[in-house]
Amino acid sequence: MIEARHLRVLRAVAGTGSFSAAARELGCTQPAVSQQMKALEQSAGTPLLIRTGREMRLTQAGEALVRHAAGILAGLTAAEEEVAAIAGLRAGRVRLVSFPSGSSTLVPTALAAMRAEHPGTRISLVEAEPPRSVEMLREGDCDLALAFRYGGADHSAAEWDDLVVRPLLTDRLVGLVPEGHRLAGAERVGMAELADEPWIAGCPRCRRHLVDVCEGAGFTPRIDFATDDYPAVVGLVGAGLGVAVLPELAVESVRAKGVSTVAVEPAVEREVVALTLTDLARVPAVAATLAELERAAAR
């Protein structure tokens, strides 16, 4: 294997015409230059220099190697500079995937801070709900995933065992009823009190959890409408077409016109986390984005 340090020595010898002059240029000793040239010739499997008295002349193989060395060393220098820039957060990229209510609440604050602190780091954002977002992370389609999971039946202890899990916040679900509803303005509402209401359900994972919670309260919800779009959920409730439960993050991100929010019992919470792979967690740009997401969640 030809080493870059040997190529640098060869170029110095070719440019100066002697081992001693090359040593002065490189800031090392003449024996060190001689040893590295011997090592390079062994790697190449052929002589690279012809020594005639005090002069050094390149063989045909030596000329070919010097010709290629310029491009190789220039490329290596560029690579070293790019890696140094990434390591120093002067460059780099982070591919982030987030569920919609995280995209509209936590993500903007975190990305604005990243742009201010590290303007050379590019961050892209796409939206996906878990478990799809987690699959994207494992498949290499993103570097960082904002995800959530509920307790109880939805929670698997081993679900994220292979990932770096950074807890961000606990997001409580709140009930949504039309402003003129009999329960509007109530301090707390038991889920069983909503048993006879038509329901508007959210994303598939939230929908499954809604059914579980309602069945735990002794009834099966009559779901008249289902949509992944939180503003649509709020709009349908505001129009008097049913009731819903949404995470507080989702309500925070939507203008809740014509809707009254109420606390529901039993309390229903979801854990919001940032996920990445073990190796990616050591990448400076990913680590910095994780830190900014934590700060955004703490506000």
Side-chain angles (χ1 to χ4, degrees), residues 98-109 129-130 146-156 167-274 293-299:
S98 172
F99 55 94
S101 58
S103 298
S104 59
T105 52
L106 300 176
V107 170
T109 302
E129 299 275 0
L146 214 59
F148 63 85
R149 62 182 171 189
Y150 293 97
D154 188 62
H155 178 86
S156 170
L168 297 179
L169 56 85
T170 299
D171 192 18
R172 184 167 180 163
L173 270 65
V174 296
L176 300 180
V177 298
E179 282 183 344
H181 193 273
R182 59 186 172 85
L183 296 174
E187 187 175 338
R188 293 187 179 279
V189 173
M191 290 294 290
E193 296 180 72
L194 301 169
D196 297 327
E197 302 285 345
W199 284 83
I200 294 100
C203 74
R205 176 168 274 201
C206 298
R207 206 172 304 158
R208 289 196 303 271
H209 195 68
L210 168 65
V211 173
D212 291 341
V213 170
C214 291
E215 289 179 345
F219 71 98
T220 299
R222 191 190 92 205
I223 298 175
D224 284 1
F225 303 99
T227 173
D228 294 347
D229 184 47
Y230 290 134
V233 173
V234 172
L236 290 167
V237 173
L241 296 172
V243 300
V245 290
L246 286 181
E248 287 182 323
L249 277 182
V251 176
E252 182 183 333
S253 67
V254 178
R255 183 183 176 190
K257 185 179 180 181
V259 169
S260 179
T261 61
V262 295
V264 293
E265 291 182 339
V268 182
E269 297 176 336
R270 66 177 183 174
E271 179 188 13
V272 177
V273 302
L293 285 168
E294 286 184 309
R295 293 189 187 97
R299 290 189 175 98

Can you name the nearest heavy-atom pair linking T109 to T105, along with the distance? OG1-O, 3.9 Å
Shortest non-hydrogen separation from P247 to L173 and the atoms involved: N-CG, 4.0 Å
To the nearest 0.5 angstrom, please state how far the CG atom of L249 sits from the CZ atom of R270. 6.0 Å
What's the spacing between L146 CG and E129 CD if we round to 0.5 Å? 11.0 Å
When rounded to the nearest 0.5 angstrom, what distance separates CG in D171 from OG in S101? 6.5 Å
Under-4.0 Å salt bridge between R182 and E193: no
Below 4.5 Å, heavy atoms only, C-beta onward: do L183 and L194 meet side chain to side chain? yes
How close do P178 and G240 get, heavy atom to heavy atom, and via which atoms? CG-CA, 3.7 Å
How far apart are the C-alpha atoms of I223 and V211, what are their side-chain angles, what is the distance that settles it, and do they pass the side-chain contact (heavy atoms from CB on, under 4.5 Å) test? CA-CA 9 Å; I223 298 175; V211 173; 4.3 Å; yes
With no hydrogens and no angle check, is any side-chain donor or acceptor of R188 less than 3.5 Å from a backbone partner on V264? no
In Å and rounded to the nearest 0.5 Å, what is the CZ to CG distance from R299 to L106? 10.5 Å
Side chain of R205, backbone of F148: donor and acceptor closer than 3.5 Å? yes
Tightest non-hydrogen contact, residues A192 and F219, listed as CA-CE2, 3.9 Å
Of all heavy-atom pairs linking L169 and A297, the shortest is CD2-CB, 3.8 Å
Has D224 got a side-chain atom pairing as donor or acceptor with P198's backbone, closer than 3.5 angstrom? no
CD (E248) and OG1 (T170) are apart, to the nearest 0.5 Å, by 10.5 Å
What verdict does the side-chain contact (heavy atoms from CB on, under 4.5 Å) test give for W199 and V245, after you've listed the backbone C-alpha separation in whole Å, the side-chain angles of each residue and the deciding distance to 0.1 Å? CA-CA 9 Å; W199 284 83; V245 290; 4.1 Å; yes
Taking it one step at a time, do C206 and Y230 satisfy side-chain contact (heavy atoms from CB on, under 4.5 Å)? CA-CA 11 Å; C206 298; Y230 290 134; 4.1 Å; yes
From E179 atom CD to K257 atom NZ, the distance as rounded to the nearest 0.5 Å: 10.0 Å
Nearest heavy-atom contact between I200 and V237 is CD1-CG2, 3.9 Å
Should H181 and V189 be marked as a side-chain contact (heavy atoms from CB on, under 4.5 Å) after you check the CA-CA gap, both sets of side-chain angles, and the distance that decides it? CA-CA 12 Å; H181 193 273; V189 173; over 6 Å; no
Any sub-3.5 Å donor-acceptor pair from S98's side-chain atoms to S103's backbone N or O? yes
